[in-house]
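One structure below.
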2 protein chains.
Amino acid sequence: MQDSTTQTTKQAGRNKRSQAVSADLIAVVIAVTDGEPRVLTIEQAQALPSGPFELGHRSLQSGLRAWVERQTGHPLGYIEQLYTFADRDRTGDERVQISISYLGLTREEQAQGPSTQGWRGWYDYFPWEDHRAGVPLILPDILVPRLLAWAGDAEDPNMRRDRRQRVVYAFGLDDCDWNEELVLQRYELLYEAALVAEATRGRDKGSAPVVPGRTMIADHRRILATGIARLRTKIKYRPVVFELMPPAFTLLQLQRTVEALAGRLVHKQNFRRLIEQQNLVEETGETTSDTGGRPAKRFRFRQTVLAERTVAGTKLPLSRA
Amino acid sequence: MQDSTTQTTKQAGRNKRSQAVSADLIAVVIAVTDGEPRVLTIEQAQALPSGPFELGHRSLQSGLRAWVERQTGHPLGYIEQLYTFADRDRTGDERVQISISYLGLTREEQAQGPSTQGWRGWYDYFPWEDHRAGVPLILPDILVPRLLAWAGDAEDPNMRRDRRQRVVYAFGLDDCDWNEELVLQRYELLYEAALVAEATRGRDKGSAPVVPGRTMIADHRRILATGIARLRTKIKYRPVVFELMPPAFTLLQLQRTVEALAGRLVHKQNFRRLIEQQNLVEETGETTSDTGGRPAKRFRFRQTVLAERTVAGTKLPLSRA
DNA sequence: CTCTTTATGCTCTAAATGAGTATAATTAGG
DNA sequence: CCTAATTATACTCATTTAGAGCATAAAGAG
């Protein structure tokens, strides 16, 4: 980077070895259908949709939005940037590859075209992340033992302790509670411990310790983990779940959506209390008896909330003890 | 972007009109000295340090880190990405300019070289953001009247209402409380209302409605606002203030640092309660009587916390009623 | 020795949160 | 028609957390 004596930033950007660079956009597009969180994929569900940044769009975001809307036939209600990273190894040539990843929320229903088959349940990629029906057996049976073994394998005693501590915290062992937000940390630990196929890819195939969970090309599964983590964090303080819901819905449907994203169940009555308290929704006047029991009132999100969206908050009963 | 039928993402990135792009890094480097938050600047305090991304670093982050450390003579304890944006208008040619902005935390003390003069109090750029001594007079006297006038100027009644609502919320009017996190929203409103010089730059100089606050080139002040907002949010749930503190400090010093960042005062006793409760610090054993009254115990951050940093949380009494 | 100043310990109240009980309004099945 | 099952919805209660204030301790200034 430049010295503080250089003339202006912009000039410095052009004069000094300005690198030839190519930019890619990568999208983590999420929908929740039938209480299952899904992600839009390509390449037999092995890759996230992505492509080169095209000149001609006003901004990165607008390019992404246009493309996703063409694919899904749905407006992308919400987009946010995830992370930008640079990679030299990816392409053989001199060029630096810059990838800008985004998180987008939409609804899967009535999506047309070939992309329909592209929706995949995100727990296919992260089976250890779904705790709605209790702790998945893969955790105590396979992952935790192997992770602890990996931790114990370190030569340096400090590293042993450090690894063990990270595993304990990330996977909620001992007296730590499971924290659903640590999706990325967990994936990275599994990667470090060479327990996901991506970690050993291209190297020794022999010791490939395959554990449950669908893989993806390059670092796409890592990006997906980033997106899930971000979304799990975000739903707690910003009303983004709305983007995943149909125009009218019952409170239980809303709750199931939140639970699908968080990968854990919430207390029904408290969930209702919080949602109603915050004035995020209003009754449509109708009721449904689709659900089996007593008919439920249908709700819609309040107009005002949508207008104030950038600043409004949401709370959900997803705290950690 | 590509179709879902294209072969692989990486190939698509190279085959299809892969745009010529140049990448810039922009850094918001923050320190707190004598209870004042400062930002590292260049160009007579009119620009944030930035420069082209250089091939030869492992990652974007490492390039930034090396550069800043060379400049400040201090290790950058903490770096995080802020935002990536693309601009075509900036450079006259065909190239797309991609700027990746970062937030970095360090300590100003004993920084050597010409960059020493580059530290500037961040409230020079955002005088309306410092509420430690009460509501700054610029707000009721200048900004709020002008913002409300701007809101009323809209032709469409819906837009009038919308603008007014945004001003009310962002600036804590009516029964809304001041929310120190909304730094960016406030700057954007002022920009929209053409109350900051950046908004009218290059166009009609006549009606330039100059309000207090130092300006910067291009969109650097906007990026700084993004950094401040991020930091104000972050200190509430992650122990990043530590990076801004000397090795040993009193609880009051810590409190003053938090207050400097948040731009508002906190309840002393409750602050202490929260910090001690969370086991983030430990006593060094020494005391200082530098402060005038009863000598204060000195503290340091706990080693373990630093090790667990990626996952540990912090709470601060900065909630909004 | 007293006033001022900062440090530090403790109490009190209100609000938020987690968890459970009770009742209402349906449908399914006999 | 009656009963069980199922979901919706209204309340209650105990615990925690957060905001605010009071009281005491330990220094320096005059």
Side-chain angles (χ1 to χ4, degrees), chain A residues 34-35 131 177-180 235-237 248-259 262 264-300 313-321, chain B residues 34-35 131-132 175 177-180 235-237 248-259 262 264-300 313-321:
Chain A
D34 303 324
H131 288 227
D177 289 306
W178 176 261
N179 181 345
E180 73 278 353
I235 51 170
K236 290 178 190 167
Y237 64 98
F249 49 85
T250 69
L251 290 183
L252 185 59
Q253 283 168 343
L254 182 64
Q255 181 183 345
R256 293 288 176 238
T257 303
V258 168
E259 290 174 337
R264 46 159 54 191
L265 300 178
V266 305
H267 184 103
K268 188 168 175 171
Q269 294 93 322
N270 291 346
F271 179 82
R272 299 170 55 88
R273 174 170 66 188
L274 241 69
I275 296 297
E276 291 179 323
Q277 235 170 38
Q278 292 171 97
N279 256 302
L280 297 173
V281 297
E282 60 189 6
E283 302 182 9
T284 65
E286 320 155 289
T287 56
T288 340
S289 44
D290 293 349
T291 41
R294 166 174 170 178
K297 289 183 193 158
R298 304 187 79 197
F299 292 83
R300 74 168 78 88
T314 337
K315 289 187 197 168
L316 294 173
L318 280 168
S319 56
R320 279 139 280 135
Chain B
D34 303 324
H131 288 225
R132 285 174 296 176
D175 33 44
D177 289 307
W178 175 263
N179 181 344
E180 73 280 353
I235 50 171
K236 291 178 190 169
Y237 65 98
F249 49 84
T250 69
L251 290 184
L252 185 60
Q253 284 167 343
L254 182 63
Q255 182 184 343
R256 293 288 176 237
T257 304
V258 168
E259 291 174 336
R264 47 159 55 189
L265 302 176
V266 305
H267 183 104
K268 188 166 176 172
Q269 294 95 321
N270 290 346
F271 179 82
R272 299 170 57 87
R273 174 171 65 187
L274 262 137
I275 296 297
E276 291 179 324
Q277 233 171 38
Q278 292 170 97
N279 256 303
L280 297 174
V281 297
E282 60 190 7
E283 302 181 9
T284 65
E286 321 155 288
T287 56
T288 341
S289 44
D290 293 349
T291 41
R294 168 176 170 178
K297 290 183 192 156
R298 303 187 79 196
F299 292 82
R300 75 169 78 88
T314 338
K315 290 187 200 171
L316 293 173
L318 279 169
S319 56
R320 278 137 281 134

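Residue numbers begin at 1 in each chain, while the letters A, B, ... track the order of the sequences. The structure presented is a predicted model; accordingly, all values stated were derived computationally and were not measured.
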- Message: Whether Glu180(A) and Lys236(A) form a salt bridge (side-chain N of Lys/Arg under 4.0 Å from carboxylate O of Asp/Glu) is what I want to check.
- Response: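 Counted as a salt bridge, because a side-chain N and a carboxylate O are separated by less than 4.0 Å.
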- Query: Below 4.0 angstrom, N of the basic side chain to O of the carboxylate: do Glu283(B) and Arg298(B) qualify?
  - Reply: no
Whole angstrom is fine here: how far is it from [atom1] in [X] over to [atom2] in [N]?
| X | N | atom1 | atom2 | result |
| --- | --- | --- | --- | --- |
| Arg294(B) | dT24(D) | CZ | P | 14 Å |
| Phe271(A) | dA16(C) | CZ | C1' | 17 Å |
| Asn270(B) | dC10(C) | CG | P | 15 Å |
| Arg273(B) | dG21(D) | CZ | C1' | 12 Å |
| Gln255(B) | dT6(C) | CD | P | 12 Å |
| His267(B) | dA18(D) | NE2 | P | 13 Å |
| Leu252(B) | dA25(D) | CG | C1' | 17 Å |
| Gln269(A) | dT7(D) | CD | P | 13 Å |

- Item | Passing option when Gln255(A) is tested against Val266(A), Ile275(A), Thr250(A) for side chain to side chain contact (heavy atoms under 4.5 Å, CB included) | Val266(A)
- Select from Glu276(B) and Gly293(B) the residue whose nearest nucleotide in DNA chain C is closer to the 5' end of that strand. Gly293(B)
- Compare side-chain N and O positions of Lys268(B) against OP1 and OP2 of dA7(C) and report whether any pair is under 4.0 Å apart. yes
- Look at Arg272(B) and dT8(C) and indicate whether a side-chain polar atom (N or O) is within less than 4.0 Å of OP1 or OP2.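 Checking Arg272(B) against dT8(C): at least one side-chain N or O falls below 4.0 Å of OP1 or OP2.
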- With distance as the sole test, does Glu276(B) use its side chain to make a donor-acceptor pair with the main-chain N or O of Arg273(B) at under 3.5 Å?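 Answer holds: no.
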